[in-house]
Amino acid sequence: MTAMENKRQRRLQEILTDQGGWMTGRQLAALLQVSDRTIRSDIRDINGRQPYPIIQSNVQFGYCIIPGRGRPLAEKPAEQAGQQVMGTGQQNLKAGAPGQKKNAVMDEQSANTRCGYIIQRLLFEGRALNLTILQSQLYVSGYSLDHDLKRIRKLLEPYANLKLIRSRELISLQGDELSKRKFYKDLLVAEVQKNFLNLNQFAALFKRFDLLEVKDILEKVIKSYDYSIRDAMMPMVMLHAGTSIERMMHSDYIRMEETEGNLTETIEYQIASDFFQRISDRLHIKVPDSEISRFAIIIMGRRAADYTNDFIRFRGTWVNTSKLTDQVLDYVRETFGIDFRADEDLKTGLKMHLHGLIEREKNQLRLKDIFLEEIKRKYPLVFEMGIVITEFLGRTLGIEISDTESGFIAIHLGAASERMNAGRKYRAVMILPYKQSFSKICVVKISDMFSEKMEIVATMHYFEKIAVEALEPDLILTAFPITHSLDVPTVLINLFVDIDTETNILKALNQLEKKAFHLEFTAHIGNLIRREYYYENLECSSAEEIIRFLCRDMERDGLIDDSFCDVVLKRERMSPTSFVDTFAIPHAFGSFAKISTIAVAQLKNPVRWGSFDVRLVMLFAVNEEDQRMIKIFFDWISDLVNHMDKLSELCVPCGYEDFMDRVMD
């Protein structure tokens, strides 16, 4: 079989998995641009290479994935790949990151991923997209694509100046540039709110050793030196440690230009040396001094500038990597409207990556593809920034840079985005009369009153669109009526800050929070409610039977462990989780899933659940690193029980796509 055939057959499985139902051979042939005969042959090959058939055929309906058997083909079985690289000295830290999953849940192209891809193209290509071509590129049916467009429109609802326009087979995003950038930045915030550097999830990507155990070793070494690494930097440090170990297990070693100062005399060098000595003893790998020096500089963080050279020789000239880093961040600001230039941790990390990138180019080496697909799938907006940067670097340095470099650069940017938005307050601009004695008192009073949620970034004596726009405010507070075209809420205030002023500002801040919640919920809910764990017309006779049924499939697929179901049932015995008639949300506080998921059951017949007759069950299982999603989910539930019309609509049996549309509404 050729590589092209293998890729086509993986795509065929992805299409059928995404569709979740029957598709005819003619439909599949049109999407894959092959003959009906080729489709039949591909399906015969796919089923023939498996221990059991995974695609069902029907003369009348066509083809569909047999439930629970839809994992796309891998280039090599995971077990086989592990055998090829596992040495005799690696049993203690071997591939065993908890929660590693080997089925369609991790590989399926989700609706959220498709929406992210479409939004990227609408935002950055600046032209209309052809839906027929888009359908072919995404390998989905027109039905699925229509649902994706509905979700994008839902994301755009809070942005009055942005509209998704469809004209026959073309779609375009209409609106001013400021609103587009605001939309992108808000999406980016929502994307990294999921906890971008989730070590549990990244640990599963290292197949040859357990990154979490490596983290324990590093923490013990750090503690023995009475040293500390800032919590915000620890995930990045561990990812660097993991990639270094991964490379050294393949005997791929880095070179380093001569460092500034006496690096070997620093405590960081001693920590790095001790750490890698323990890793070497466990995994039986060779650790050269260059790896120790590099990791010591990573541990230093911002102080690394004192020990790294700004210049590296490349193609007969000297490249100033510090200056190049500044140019990269300037370019990000110009392209995306996001200013990372004050983040010293990011600047240090990018500079070191540029040194490594140029060294790899000089020696014709390539980074191992560890994170690329995970970043692409889960963080498409962050990955887009990584792609843009590598294109910029390629033009600047006159070289072609691989997508793998984009993935690693994206990790630096995602971590910086998470730091930037940690504890972020809403930005307010105040428009106040000139030389009014009460103006300063007004500013101080409002600042003190709303200090937890809002910061006043500037005061002006008159409204000037360009000046206000440059400040990127979330809110405008003005002591006199103004009209403007900016998509920014505006509140009329009294200089004496009376009760009406306080109330109106509070209302505006609440609306901003609702907007942020709407975006985050809409952006992430599709990743939680998956087609594989959606059950229409389920027949069960008791709450316990339903819970055990929902947990069974998640446990089978490795999303939860075997104790999770018992914890959920124990929680139910304390107090039933049915809320009003029709609805129950069983969950397990204090016990976490390996992969965050909401399993949904629409019951064929009502089941008595506590004091209510329930027709809809949503079992919430959250990963420890995704605890923020608990608040988002329960905030949504609180709103839902106050709108019985929406709740009753959710309970009407329907297919997965229709249910997701109702959830989004």
Side-chain angles (χ1 to χ4, degrees), residues 17-23 61 64-65 67 110-112 115 140-155 157 517-518 521-554 572 576-587 597-621 632-665:
T17 302
D18 178 72
Q19 182 68 12
W22 295 97
M23 291 187 72
F61 300 111
C64 76
I65 289 287
S110 70
N112 277 27
C115 288
V140 295
S141 65
Y143 176 76
S144 293
L145 190 56
D146 284 341
H147 280 276
D148 292 341
L149 297 182
K150 285 181 182 178
R151 292 178 187 179
I152 293 173
R153 287 193 173 94
K154 190 68 180 176
L155 287 169
E157 280 183 1
F517 168 81
H518 166 93
F521 176 80
T522 308
H524 297 326
I525 193 68
N527 286 333
L528 294 177
I529 303 177
R530 299 187 179 96
R531 191 188 304 273
E532 301 95 313
Y533 310 107
Y534 176 79
Y535 308 91
E536 182 184 355
N537 285 321
L538 181 66
E539 289 191 77
C540 290
S541 58
S542 69
E544 180 172 347
E545 184 182 358
I546 295 168
I547 290 171
R548 291 194 181 279
F549 177 88
L550 296 179
C551 288
R552 182 195 67 194
D553 285 354
M554 289 196 291
E572 284 296 327
T577 56
S578 51
F579 289 83
V580 301
D581 275 318
T582 74
F583 190 41
I585 49 169
H587 52 272
T597 309
I598 299 176
V600 177
Q602 287 188 322
L603 306 180
K604 185 172 184 178
N605 301 302
V607 169
R608 195 66 179 174
W609 197 301
S611 303
F612 302 103
D613 291 325
V614 164
R615 288 184 292 151
L616 174 68
V617 180
M618 300 180 77
L619 192 155
F620 189 64
I632 292 174
F633 179 68
F634 280 99
D635 283 349
W636 174 67
I637 295 297
S638 298
D639 181 69
L640 193 62
V641 296
N642 291 319
H643 294 83
M644 291 304 296
D645 54 333
K646 293 181 180 180
L647 182 56
S648 59
E649 187 179 7
L650 280 180
C651 297
V652 177
C654 62
Y656 171 80
E657 293 288 359
D658 288 335
F659 182 81
M660 291 304 301
D661 282 345
R662 295 173 188 177
V663 169
M664 296 296 181
D665 287 336

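All heavy atoms count here, side chains included; hydrogens, waters and symmetry mates do not. Numbering of residues begins at 1 and proceeds along the displayed sequence.
- Between Tyr656 and Ile529, the shortest heavy-atom contact is OH-O, 2.7 Å.
- Formation of a donor-acceptor pair under 3.5 Å by the Lys604 side chain with backbone atoms of Glu539 is not found in this model.
- The minimum heavy-atom distance between Ile546 and Cys540, with the atom names listed, is CG1-CB, 3.5 Å.
- Rounding to the nearest 0.5 Å gives a distance of 9.0 Å between CG of Asp658 and CD of Glu536.
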Quiz prompt | Evaluation steps, side-chain contact (heavy atoms from CB on, under 4.5 Å), between Asp553 and Glu532 | solution = CA-CA 9 Å; Asp553 285 354; Glu532 301 95 313; over 6 Å; no

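- The existence of a salt bridge linking Glu657 and Arg662 is excluded, since no basic side-chain nitrogen approaches an acidic carboxylate oxygen closer than 4.0 Å.
- The line from OG1 of Thr577 to CZ of Phe612 is 11.5 Å long, rounded to the nearest 0.5 Å.
- Between the side chain of Ser578 and the backbone N or O of Trp609 there is at least one donor-acceptor pair closer than 3.5 Å.
- Residues satisfying the side chain to side chain donor-acceptor pair (under 3.5 Å) test with Arg153, not counting sequence neighbours, are none.
- The shortest non-hydrogen separation linking Leu616 to Val614 is O-CG1, 3.3 Å.
- Qualifying side chain to side chain donor-acceptor pair (under 3.5 Å) partners for Ser611, counting only residues two or more places apart in sequence or in other chains: none.
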Practice problem: Under the side-chain contact (heavy atoms from CB on, under 4.5 Å) rule, what do Leu640 and Leu650 come out as? Steps first, then yes or no, please. | Solution: CA-CA 10 Å; Leu640 193 62; Leu650 280 180; 3.6 Å; yes

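- Here the straight-line distance linking atom CD1 of Ile152 with atom NE2 of His147 works out to 13.5 Å at 0.5 Å rounding.
- Not counting sequence neighbours, the partners of Thr582 by the side chain to side chain contact (heavy atoms under 4.5 Å, CB included) test are Arg615, Leu647, Cys651.
- To the nearest 0.5 Å, atom CE of residue Met664 and atom NZ of residue Lys150 are 12.0 Å apart.
- Residues Arg552 and Arg548 fail the side-chain proximity criterion, which asks for heavy atoms closer than 4.5 Å.
- Scanning for side chain to side chain contact (heavy atoms under 4.5 Å, CB included) contacts around Phe633 gives Ile585, Ile598, Met618, Phe620, Trp636, Ile637, with sequence neighbours left out.
- For Gln602, the side chain to side chain donor-acceptor pair (under 3.5 Å) partners are Tyr534, not counting sequence neighbours.
- Contact of the Arg530 side chain with the Thr597 side chain is registered, since non-hydrogen atoms from C-beta on lie closer than 4.5 Å.
- Scored by the side chain to side chain donor-acceptor pair (under 3.5 Å) test, Glu545 finds Ser541 as partners (sequence neighbours excluded).
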Exercise. May I have the step-by-step check of salt bridge (Lys or Arg N to Asp or Glu O under 4.0 Å) for Lys154 and Glu157, ending in yes or no?
Key: CA-CA 5 Å; Lys154 190 68 180 176; Glu157 280 183 1; 3.3 Å; yes

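- When all heavy atoms of Asp148 and Cys115 are compared, the pair lying nearest together is O-SG, 3.6 Å.
- Val600 pairs with exactly one of Tyr535, Phe659, Tyr533 by the side chain to side chain contact (heavy atoms under 4.5 Å, CB included) rule, that one being Phe659.
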